[in-house]
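Following: one structure in structure tokens, then a few remarks.
Note that ligands are numbered from 1 as they come in the structure, with each ligand's atoms numbered from 1 the same way. Bear in mind the structure is a predicted one, so any value in this text is a computation, not a measurement.
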Amino acid sequence: MKVLDWKKEIKEEELKEVSRKIRDGGLVIFPTETVYGIGADATNGDSVNKIFLAKGRAQDNPLIVHLANVSLIDEYAYIDNDIERKLIDCFMPGPFTLILRKKDNISNNVSCGLETVGIRVPDNMIARKILGYDNIAVAAPSANKSGKPSGTDIASIYDEFSDSVDYLIDGGDTDIGIESTVVRVIDGVPVILRPGFVTKEDILDKVGVVRVDDNIFRAASGTVLSPGMKYTHYAPSSRCELIYGIDKIKMVEYFKKNTDKNSVIIGSSLLKDIECMKYLYYGDSLEEISHNIFRLLREADKYKPSIILIEGVSKEGLGLAIMNRLIRASGYNYKEIDKDSK
Ligand code: TXA
Ligand code: MG
């Protein structure tokens with residue numbers, strides 16, 4: 001794997017090389033504003049297959065297609081109604097993926113046989129340069145082995161993919177840190193299949209109606225609107241427990257009682273003085289938490305703790321997306337203090 005450092009500038013010669021590699025069927029890891037993606041030409045089934053092999057991804061979990069700009073969408077998918085059009089106008093480019101009816105030039109390996117495809121126009125300079133060089137459609141899931149926390153920093157990604165990918169573009173740590181909001185319009189209503197930085201409140205504000213799929217907080221099975229809902233995600237190898245309490249004093253008490261020298265704590269400054277094996281500060285705002293969380297979940301594992309205790313947040317705004325990731329990361333081992341403790 002060739003690592004290209006584009007943190008300060010994007011080198012034109014290298015950009016050409018990377019674009020050609022994708023055209024020739026190779027795999028390239030590149031930054032977006034959410035997380036890093038591991039990309040291949042979305043019109044080439046054989047290249048797309050390499051992504052599934054590199055990640056160890058389930059064959060029925062479709063990929064998102066990335067485009068350089070909004071005007072390219074109807075080359076690859078049908079925009080069927082005004083609500084879809086409005087969502088595109090309001091949230092793209094940005095951390096937002098819209099599930100649309102797919103056109104035939106997108107490989108069936110991208111959609112795993114579904115009639116739909118997730119379309120995203122990232123708002124990140126490096127991603128847009130790569131996509132825009134030749135206006136290629138790039139299928140790209142998050143850059144992590146399946147089931148593991150998504151790749152937001154170069155060191156973790158390098159460890160997982162150095163033998164299976166052609167290029168790794170280093171654009172520094174990603175800004176947002178959790179993946180895009182995935183939405184499908186059903187009967188005129190935007191339905192959130194995966195919460196993200198574009199929130200339920202943002203969509204309600206622009207479109208006047210929104211629904212959140214019931215499966216975002218449980219382990220779904222059988223037929224679901226988004227296959228990704230069925231799988232374990234974001235999980236460290238160590239056992240995790242997620243704890244949330246509206247009453248912060250009670251919550252801190254719970255952490256104190258349940259922590260020892262073999263446990264790692266991930267949380268806000270409220271927990272900084274608790275004695276434990278390692279305290280990992282994730283920030284005091286939702287934006288900071290979103291930015292840091294996947295990196296810290298990976299870091300926590302390195303201490304090989306008996307347990308990782310993670311502080312939860314309220315499910316409002318960006319908190320919904322953070323809790324969706326944390327509940328899955330903790331294998332649904334989730335406690336609400338005010339409800340569950342005496
Ligand atoms: O921010 C992001 O979305 C990142 C960056 C790289 O763009 N990508 C990403 O891709 O998170 P991935 O593959 O890790 O997650 C895509 C999610 C999966 O849960 C998948 O099941 C769902 O989107 N998805 C993809 N295509 C779909 C479709 N046609 N219908 C329903 N769900 C779909
Ligand atoms: Mg993923």
Query raised in the report: If you draw a 6.0 Å radius around CD in E288, do more than 12 non-hydrogen atoms from other residues or ligands fall strictly inside?
Result: yes

Report summary line: atom 32 (N) of ligand 1 sits nearest the protein heavy atom S226 OG, 2.8 Å

Query raised in the report: Could you walk me through whether R184 and D213 pass the salt bridge (Lys or Arg N to Asp or Glu O under 4.0 Å) check?
Result: CA-CA 10 Å; R184 179 167 175 185; D213 192 275; over 6 Å; no

Requested in this report: Please determine if K129 and E14 form a salt bridge, counting it only when a charged side-chain N lies under 4.0 Å from a carboxylate O.
Outcome: no

Requested in this report: Answer with side chain, backbone, both or neither: which part of T116 has a heavy atom less than 4.0 angstrom from an atom of ligand 1?
Outcome: both

Requested in this report: Kindly identify the option in S180, P62, P31 whose heavy atom sits closest to atom 27 (C) of ligand 1.
Outcome: P62

**Report entry** Under 3.5 Å: donor-acceptor pair, side chain of R325, backbone of H233
**Finding:** no

**Report entry** Cation-pi check, K102 onto Y78 ring (under 6.0 Å, within 45° of axis)
**Finding:** no

Query raised in the report: Does the ring centre of Y36 sit less than 6.0 Å away from the ring centre of F30?
Result: no

Query raised in the report: Hey, is ligand 1 close enough to G228 that some N/O pair sits below 3.5 Å?
Result: yes

Query - Minimum heavy-atom distance S142-V35, with the two atoms named - result: CB-CG2, 3.8 Å

Query raised in the report: Which atoms of ligand 1 sit under 4.0 Å from any heavy atom of R120?
Result: 1 (O), 2 (C), 3 (O), 5 (C), 7 (O)

**Report entry** Ligand-residue contact atoms, ligand 1 with N61, heavy atoms, under 4.0 Å
**Finding:** 18 (C), 20 (C), 21 (O)

Report task. Decide if atom CZ of R128 counts as having more than 12 heavy atoms of other residues, nucleotides or ligands within a radius under 6.0 Å. Result -> yes

Report summary line: In ligand 1, the atoms that come under 4.0 Å of a heavy atom of H66 are 5 (C), 6 (C), 7 (O)

Query raised in the report: In terms of residue, atom name and distance, what is the protein heavy atom nearest to atom 14 (O) of ligand 1?
Result: S142 OG, 2.9 Å

Query raised in the report: Counting only heavy atoms, which portion of R184 has something under 4.0 Å from ligand 1: side chain, backbone, both, or neither?
Result: neither

Query - Reported CD1-to-CG distance for the pair I79 and L87, which is rounded to 0.5 angstrom - result: 10.5 Å

Query raised in the report: To which protein heavy atom is atom 28 (C) of ligand 1 closest, and what is the distance rounded to 0.1 Å?
Result: I99 CD1, 3.6 Å

Query raised in the report: Are side-chain N/O atoms of E336 and Y334 paired as donor and acceptor at under 3.5 Å?
Result: yes

Requested in this report: Using heavy-atom distances, let me know which of K55, E33, R194 sits nearest atom 11 (O) of ligand 1.
Outcome: R194

Requested in this report: Number the atoms of ligand 1 from 1 as they appear, then name those within less than 4.0 Å of a heavy atom of G37, with their elements.
Outcome: 6 (C)

Query raised in the report: Closer than 2.8 Å to the Mg ion (ligand 2), which protein N, O or S atoms?
Result: S142 OG

Query raised in the report: Are I136 and V117 in one and the same hydrophobic cluster, where Ile, Leu, Val, Met, Phe, Trp and Tyr link if side-chain heavy atoms are under 4.5 Å apart?
Result: no

Query raised in the report: If you measure from OH on Y244 to CD1 on I310, what distance do you get to the nearest 0.5 Å?
Result: 15.5 Å

Query raised in the report: Between H233 and ligand 1, does any nitrogen or oxygen pair lie at a separation below 3.5 Å?
Result: no

Query raised in the report: Would you say ligand 1 has an N or O under 3.5 Å from any N or O of R57?
Result: yes

**Report entry** Over 12 foreign heavy atoms within 6.0 Å of CG, D89
**Finding:** yes

Query raised in the report: Does ligand 1 have an atom under 4.0 Å from some heavy atom of A140?
Result: yes

**Report entry** Contacts of D80 that satisfy salt bridge (Lys or Arg N to Asp or Glu O under 4.0 Å) - sequence neighbours left out
**Finding:** R101

Requested in this report: Flag E179 as yes when one of its N or O atoms lies below 3.5 Å from any N or O atom of ligand 1, and as no otherwise.
Outcome: no

Query - Minimum-distance protein heavy atom relative to atom 4 (C) of ligand 1 - result: V35 CG2, 3.8 Å

Query raised in the report: What part of K102, side chain, backbone, both or neither, has a heavy atom within less than 4.0 angstrom of ligand 1?
Result: neither

Query raised in the report: Are more than 12 heavy atoms from other residues, nucleotides or ligands located less than 6.0 Å from atom NZ of K103?
Result: yes

Query raised in the report: Can you tell me which residue and heavy atom of the protein come closest to atom 31 (C) of ligand 1, and the distance to 0.1 Å?
Result: L225 O, 3.2 Å

